[in-house]
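When reading the values below, keep in mind they use all heavy atoms of this one structure, side chains included, and skip hydrogens, waters and symmetry mates. All chains are named by letter (A, B, ...) in the order of the sequence lines, taking the proteins before the strands, and each is independently numbered beginning at 1.
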Protein chains: 2
Amino acid sequence: MTVNDIARASGVSRATVSLVLRGSPLVHAETRNRVELELKRQGYVYNRGAANLRRRTSSSVALVINDLSNPFFAEFAMGVDEALVGEGYVTLLGSTGESPARQETLLASLMEHSPAGVILSPAEHSDGERLQRLLGPHTAVLVFNRELPGAGYDFLALDNRRGAWLATEHLLARGHRRIAFFGGHADSSSCQQRRQGYADAMIAAGIPPDPRWLIESAPTRVEASQRTVELFAHARAPTAAVCYNDNVALGLKLGLIARGVRPGLDFALTGFDDIPEAAQTTPPLTTIAVEPRARGRQAAELLLQRVRDRDAPTRQVVAPVQLVVRGSSGAPPS
Amino acid sequence: MTVNDIARASGVSRATVSLVLRGSPLVHAETRNRVELELKRQGYVYNRGAANLRRRTSSSVALVINDLSNPFFAEFAMGVDEALVGEGYVTLLGSTGESPARQETLLASLMEHSPAGVILSPAEHSDGERLQRLLGPHTAVLVFNRELPGAGYDFLALDNRRGAWLATEHLLARGHRRIAFFGGHADSSSCQQRRQGYADAMIAAGIPPDPRWLIESAPTRVEASQRTVELFAHARAPTAAVCYNDNVALGLKLGLIARGVRPGLDFALTGFDDIPEAAQTTPPLTTIAVEPRARGRQAAELLLQRVRDRDAPTRQVVAPVQLVVRGSSGAPPS
DNA sequence: CTGAAAGCGCTTACAG
DNA sequence: CTGAAAGCGCTTACAG
């Protein structure tokens, strides 16, 4: 079951078997055939770990995800894996569940397997300096989605600002003036960026956003639904809302229905992410498509470029986003 | 950055460093301190691959999933990873997208990384014999969710029959007599098992299921919604439906609403899986909870037991399922 | 308690 | 075109 066994059985040296395995043209066709037959016959399986040790290479990439149960990241992971497999790498998976502590033990453990690189979607409140120490100065790293303060790594992010800007523009174009930004934690960078895009569009339209139009909520349906009341707690109640993401939008929808407000008729709302459900809910959700699987493939490619060229300048890549207009933004302003 | 460097710098032999690394009590406390200080100072990272090679051990487990974009499997993967990390293993991820061909190349590639075992949720129409040849006779394997015909591997499955039986019993207890089984591909084993549980309950209640009550559909909302019409295409139209899974149930719900039939009021329906959305839709969906994350942990444990005892008899484990009653099954029979 | 030596399964110059 | 030898980073008997 090792090159030795194959070599002995086919009457050549280990070196020759190795050359056959790696497809070298140096070996005679007849010898190659003999060896390959023996390989099949014995059901030989290559020990890539041993080869990596000798060649000082790696054929794995670590993928550390903050929340795999979020379909957005599950799709992202599929895209990463898809692209890596295509390039002959294997994915070492780790899921942190948003815990910086778990993230650190996980990364330490993964690093012992000498991955060629790491794709990291950081847990909230990650300690950039500690992570940098864990990862060492020579590891190829691509950070995804959330900035890692104080670490000079390549970074792939969604164009949060532009996405929220597009959504806000869309509602403004439909005649809305009192537009809320609903949901998200104000201290998360993605929420800040989306709020920025929203504010930019509002100000460009000559409408300074009323602070009462900024409503925080955990990005879950249940909490979003409960916060709905805050939208209408004052005289300048909005007629539309740009939601932090689709989950929040779906929660808001429930909250509106519970109040007898019909989404898409009495009130317009937009989401962010374009999760599969967005198209299937009633009314279907106008939202910002981010194509997580394509982002996964892109992340894998960026990382492998870094693996190949460690000295290239650091890159900040912003992935395109797209407005998808559906029924939920169909309300005329009252 | 290797044991050699540490040994040299702290004035001991490689062997001593190795003993320190593995926490052996053989080494003097003072020596240990000196070595450990040097370990930190140089930022040493253990090369587990090299150690595995020498010790003929493995610290990875391959996890091959047919569809990671399905939240059920994403949760399952999280559970697996969680349990494996706790036992000092790392997860090698692979996603086949239900393609047997991709599954084979993926497994071949993963096997070259010498995993301690493989957790496999087979793609539809997998070729058991070929997979068995790929995996070799010595690999610890746990098959999840879908039977792999002709392979003597440990198998963890949901109790599909009992789940459908519970749902059917529930509808019968509410007075329904004409109950459909809606959705799923009749040639998939999970659909067959669920239909069996449904038929058992119906027959036990003295109601032989009318063949017109068996309606196939791909497990997607769109198709399920389109098939709704078939329920009502004849005189013995059902008053309730046991759905193949939650997605199908949600699709059926849309289809009912489109016809002006109110789910949970004019028509009762149940799902299967208890995806997060089941509790949040209106009316909330009565369904069968399967706890995919717990199943993932269970799968990891079963596999590791097999890793530890290769000669134990093969096991078929059926995971418990649970009826969760919510509003969607609230219709009285008309 | 510590060190010298052999070896895990592979690859790669280097001779021939 | 093929073979003998050294070595990747680690561990583990075996002496001392």
Treating a pair as Watson-Crick (purine N1 to pyrimidine N3 plus N6-O4 or O6-N4) or G-U wobble (N1-O2 and O6-N3) with both distances under 3.5 Å, list the stems of 3 or more consecutive pairs that involve DNA chain C.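 DNA chain C stems, ordered by first number: C:1-3 with D:14-16, C:5-12 with D:5-12, C:14-16 with D:1-3.
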
If every non-hydrogen atom of E104(B) is compared with every non-hydrogen atom of L134(B), which pair is closest and at what distance?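 Smallest heavy-atom distance, with atoms named: O-CD1, 3.6 Å.
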
Using a heavy-atom cut-off of 4.0 Å across all strands, would you classify A15(A) as base, sugar-phosphate, or nothing?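 Result for A15(A) = base.
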
Determine whether a donor-acceptor pair (N or O, by modelled atom type, separation under 3.5 Å) exists between the side chain of [X] and the backbone of [Y].
X: S58(A); Y: S114(A); answer: yes
X: R297(A); Y: E82(A); answer: no
X: R146(B); Y: P122(B); answer: yes
X: T139(A); Y: L135(A); answer: yes
X: T2(B); Y: N4(B); answer: yes
X: R32(A); Y: L19(A); answer: no

Identify, between A29(B) and A51(B), the residue whose nearest nucleotide on DNA chain C lies closer to the 5' end.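 Closest to the 5' end, via its nearest nucleotide, is A29(B).
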
Euclidean distance, atom [atom1] of residue [X] to atom [atom2] of [N] [Å, nearest integer]:
X: N52(B); N: dC8(D); atom1: CG; atom2: C1'; answer: 15 Å
X: R56(A); N: dG9(C); atom1: CZ; atom2: P; answer: 21 Å
X: R34(A); N: dC1(D); atom1: CZ; atom2: P; answer: 14 Å
X: R54(A); N: dG7(C); atom1: CZ; atom2: P; answer: 18 Å
X: R48(A); N: dC8(D); atom1: CZ; atom2: C1'; answer: 16 Å
X: H113(A); N: dC8(D); atom1: NE2; atom2: P; answer: 22 Å
X: R55(B); N: dT12(D); atom1: CZ; atom2: C1'; answer: 10 Å
X: L53(A); N: dC10(D); atom1: CG; atom2: C1'; answer: 8 Å

Can you identify which nucleotide, out of [options], has its nearest atom closest to the [X] side chain?
X: L21(B); options: dC1(C), dT11(D), dT11(C); result: dT11(D)
X: N47(A); options: dG9(C), dT2(C), dT11(D); result: dG9(C)
X: H28(B); options: dG9(D), dT11(C), dC1(C); result: dC1(C)
X: R22(B); options: dT2(C), dT12(D), dG9(D); result: dT12(D)
X: S13(A); options: dT11(C), dC10(D), dG3(D); result: dG3(D)
X: L19(A); options: dT2(D), dC10(C), dC10(D); result: dT2(D)
X: R14(B); options: dT2(C), dT11(C), dC10(D); result: dC10(D)

Examine [N]: is either OP1 or OP2 under 4.0 Å from a nitrogen or oxygen in the side chain of [X]? Give yes or no.
X: T31(B); N: dT2(C); value: yes
X: T16(A); N: dC1(D); value: no
X: T2(B); N: dC8(D); value: no

How many angstroms lie between CG in D81(A) and CG in L63(A), if you round to the nearest 0.5 Å?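 Atom-to-atom, D81(A):CG and L63(A):CG are 8.0 Å apart.
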
